[in-house]
Amino acid sequence: MKWPCRRRIRWLAGILALTTALASVLANSVQTDQDMQKVARMTDKMKTVCVGRFLIDLPADARVSIGRGYAGGYEISTTADETDEQFAARLRLAEAELKELPNRDGRPSLESSKELIIGKAHGKLLVHNRQRTKVPEGDRMTMSETVSVRSLLRLPGVSITANVDWIDPDEVGDLERLLAQLMPLEEMQIPRQPGFCFDRAFVKDPYDHLGTEGVVLFAGLPGHSDVNIVFSSMSGTSAAPGLLERNTRASEREPMLMRLAFSTLRQAARAINGLEGEELVLRVREPNLTTGYSFQWEMPGKQKDIYAPLLTLELDSGTNPVTGGKPVQSTLSEGALFELWERIANSIRLRPTQDVQAAIAEPVTTPLGTTAFSGEACPHTGWWQCCDGGSGIGVLGGQRQYLRGGQQMPQALLLPAQTLWERLRGVQPSFESSSPSLWKLADKRATARVPPSSMLAHATTLSEADNAPAAAPLHGVAQTLIGSEAKTGTPCPASGWWRCDDSHALDGTRWFAAGSLLPPATFRAPLSLRGSAHPEIIHRRSAWQLVRLAHGAQDNVDSGPGPRHG
């Protein structure tokens, strides 16, 4: 009687095991179908992100962050999460902290704090922590000096922090030239011109990159905290074994029990959009009976070639979001992860830029906003705005000057505000910055000086002044300084070029003879006031500022807007 009973138990156990297996297969199949639908919805809309010189597409709702990177040997970090006031406070704090710190010689660490004004960007460049060390040079020891540099720059909507340690003091200017190449980017903006993307910022070519650039993107998916995506671009790295060779070496060093936990799902060379690399996909059975996955693709790149850097893409699942926590079960099934991986990996490509050959064939154009340092050849004839000065400090010849293409960009002679004693003596102090002056192209007009338009109000000449109302006597002509102001109706203190203070006026910069009565400014009437009863052009009182003195007294005519020569 016991024998049939035992057979019945074994038969029931077999049926139970088969039922369990079938249920598990069915459940896995259902889970896979559900996960595939999730990935399909997730990748239905993608967003393109610029990472260095490359582009990658990610699910539209992915949480993306780009960490600090480096360019030309300088570590660069960005943030769009602070206001102008918060940036100013952070800048003051950084400067105060460096003033308090001593260097190795016991002196204050901060050596210099230079104001930076680059177009619409402003900030400071802080030189600190000078160190002197003895280094062998042949059969003798020589003294070597290095400094650290920290720069904080505020662009419209984004703040840039650049750092470098242990550089030659003579190379500090290189960082300033790099900062002049930075441009802000809108969120998810893809620039068209050549250069290197950070988070919400872009360093445009050409710049002295030294063959070293790097940046890393991190991304996560809502509802799947165990899934992590990392994409990085690094040029200037040393040659090293490839992805597959490293995996083989690591596997050979592991004990047999550890090897059994890993299943290789893919292991082969793989080119993506012309980028030659290697792919490795692993399934991992963890000791706590969870299953995770590791997807990797890597392009080894060429050392010092910024267009062929070390590129890596990684997608991991089953990672505990709590630092140090045990692995967790992957929230996406194997088939769904492969679908997600293919969608992202196949999108990696070199960012297209303007066609260089086409640009060479066409006439070369210099866009407004182009910058150049003193000592360099002027890139384009026109009006250049000096970025030095400001805050009460003028520039000899005016903040805006007319320069011809090919001529050497000048070093600005800065004119600080006069003290009371200097005004009484008629003395204007001046100085030159120790750093090259930065100029920005503001206007490309290069027309000759012409008589003023008939619509502009004319200055009353000396011969006409007898019939004009009495005005204040003319005095101090020889001591009239650049930047001096005079109002409509008063005698012109000195012959030269005078700029209308009102930026909306049609006058611009005009030439007036000494002693002539300064005219009112000319404006176009608002559209709402134009008609048969109201004129299109109106005149009203304004103020004029001297931007350049005449070379001789023979010029005694009123001239219209035009370039200043010199």
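Any value given below was found using the heavy atoms of this structure, including those in side chains, with hydrogens, waters and symmetry copies removed. Since we're looking at a predicted model, the values are computed, not measured.
When all heavy atoms are compared, the tightest approach of Ala494 to Cys492 is O-SG, 3.1 Å. Contact record, Leu152 with Ala94: CD1-CB, 4.4 Å, taken as the closest heavy-atom pair. Met234 approaches Ser232 most closely through the heavy-atom pair CE-OG, 3.9 Å. Between Ala180 and Thr371, the shortest heavy-atom distance links the atoms O-OG1, 4.3 Å. Counting all heavy atoms, side chain and backbone alike, Asp174 lies closest to Arg177 at OD1-NH2, 2.7 Å. When every heavy atom of Thr146 is checked against every heavy atom of Pro169, the shortest pair comes out as CA-CD, 4.4 Å.
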Is there a side-chain contact (heavy atoms from CB on, under 4.5 Å) between Trp497 and Arg510 once you walk through the steps?
CA-CA 5 Å; Trp497 290 88; Arg510 299 173 59 182; 5.7 Å; no
Passes salt bridge (Lys or Arg N to Asp or Glu O under 4.0 Å), Arg349 versus Asp57? Steps please.
CA-CA 10 Å; Arg349 70 271 194 197; Asp57 295 342; 3.1 Å; yes
What's the verdict on side-chain contact (heavy atoms from CB on, under 4.5 Å) for Phe198 and Ile76, showing C-alpha distance, side-chain angles and the deciding distance?
CA-CA 8 Å; Phe198 295 97; Ile76 296 177; 4.0 Å; yes
Quick one: do Leu415 and Ile393 satisfy side-chain contact (heavy atoms from CB on, under 4.5 Å)? Show the steps, please.
CA-CA 5 Å; Leu415 309 174; Ile393 298 179; 5.7 Å; no
Leu413/Val395 under side-chain contact (heavy atoms from CB on, under 4.5 Å): CA gap, chis, key distance, verdict
CA-CA 6 Å; Leu413 183 64; Val395 177; over 6 Å; no
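Here Lys124 contributes atom NZ and Glu115 contributes atom CD; the two are 5.5 Å apart, rounded to the nearest 0.5 Å. Summarising the geometry, atom OG1 belonging to Thr79 is positioned 4.0 Å from atom CG belonging to Asp81; distances are rounded to the nearest 0.5 Å. Note that CG of Leu116 is 5.5 Å distant from CD of Glu176, once rounded to the nearest 0.5 Å. Atoms OG1 and CH2, from Thr509 and Trp511 in turn, are 14.5 Å apart once rounded to the nearest 0.5 Å. Within the model, atoms OG of Ser151 and CG of Asn163 stand 8.5 Å from one another, a figure rounded to the nearest 0.5 Å. With rounding to the nearest 0.5 Å, the separation of CD1 in Ile56 from OG1 in Thr48 is 10.0 Å.
Side chains of Gln131 and Glu145 form no contact here, defined as non-hydrogen atoms less than 4.5 Å apart. Between Ile160 and Leu182 the shortest side-chain heavy-atom distance falls below 4.5 Å. A heavy-atom distance below 4.5 Å is found between the side chains of Val49 and Leu58. Side chains of Ile66 and Val216 form no contact here, defined as non-hydrogen atoms less than 4.5 Å apart. Side chains of Trp439 and Cys378 form no contact here, defined as non-hydrogen atoms less than 4.5 Å apart. For the pair His539/Thr522, a side-chain contact is recorded, criterion being any heavy-atom separation below 4.5 Å from C-beta on. Counting heavy atoms from C-beta outward, Pro429 and Gln418 have side chains that approach closer than 4.5 Å. The shortest side-chain heavy-atom distance between His209 and Ile306 falls under the 4.5 Å cut-off.
The salt bridge (Lys or Arg N to Asp or Glu O under 4.0 Å) analysis of residues 203-215, with sequence neighbours excluded, yields the pairs Arg53-Asp205, Arg53-Glu213. Sorted by first and then second residue, the disulfide bond (SG atoms under 2.5 Å apart) pairs with a member in residues 150-197 read Cys50-Cys197; sequence neighbours excluded.
Side chain of Ser113 to backbone of Leu110: no donor-acceptor contact under 3.5 angstrom is found. Between the side chain of Arg200 and the main chain of Leu185, a donor-acceptor pair closer than 3.5 Å is present. One N or O on the side chain of Thr488 and one on the backbone of Ser542 form a donor-acceptor pair closer than 3.5 Å. Looking only at distances, no side-chain donor or acceptor of Gln181 sits under 3.5 Å from a matching main-chain atom of Leu178. Thr78 places no side-chain N or O within 3.5 Å of a backbone atom of Ala201 that could act as its donor or acceptor partner. The backbone N or O of Pro191 lies less than 3.5 Å from a partner atom in the side chain of Arg351, making a donor-acceptor pair. The closest donor-acceptor contact from the side chain of Ser233 to the backbone of Val215 lies at 3.5 Å or more, if one exists at all. Checking side-chain atoms of Glu95 against main-chain N and O of Leu126 turns up no donor-acceptor pair under 3.5 Å.
Residues satisfying the salt bridge (Lys or Arg N to Asp or Glu O under 4.0 Å) criterion with Glu75, sequence neighbours excluded, are Arg68. Not counting sequence neighbours, the partners of Arg90 by the salt bridge (Lys or Arg N to Asp or Glu O under 4.0 Å) test are Glu82. Partners of Ser109 under the side chain to side chain contact (heavy atoms under 4.5 Å, CB included) rule, at least two apart in sequence or in another chain, are Leu101, His128, Asn129. Partners of Thr419 by side-chain hydrogen bond (donor to acceptor under 3.5 Å, both in side chains), not counting sequence neighbours, listed by chain and number: Glu422. Remark: Ala486 engages Thr490, Pro493, Trp498, Leu518 in a side chain to side chain contact (heavy atoms under 4.5 Å, CB included) (not counting sequence neighbours). With sequence neighbours excluded, the residues forming a side chain to side chain contact (heavy atoms under 4.5 Å, CB included) with Ala372 are Glu376, Pro379, Trp384, Met409, listed by chain and number. In terms of the salt bridge (Lys or Arg N to Asp or Glu O under 4.0 Å) criterion, Lys440 has no residue partners (sequence neighbours excluded). Every residue was checked against the disulfide (SG to SG under 2.5 Å) condition with Cys386, not counting sequence neighbours, and none meets it. With sequence neighbours excluded, the residues forming a side-chain hydrogen bond (donor to acceptor under 3.5 Å, both in side chains) with Ser374 are Gln411, listed by chain and number. For Val164, the side chain to side chain contact (heavy atoms under 4.5 Å, CB included) test picks out Tyr74, Val149, Ile167, with sequence neighbours left out.
The environment of NZ in Lys114 is crowded: more than 12 heavy-atom neighbours from other residues, nucleotides or ligands sit within 6.0 Å. Summarising the local packing, CD of Glu186 is surrounded by 12 or fewer heavy atoms from other residues, nucleotides or ligands at distances under 6.0 Å. No more than 12 heavy atoms of other residues, nucleotides or ligands lie within 6.0 Å of NZ in Lys120, so this atom counts as exposed by the packing criterion.
Using a 3.5 Å distance cut-off with no hydrogens or angles, the side chains of Arg404 and Thr381 do not pair a donor with an acceptor.
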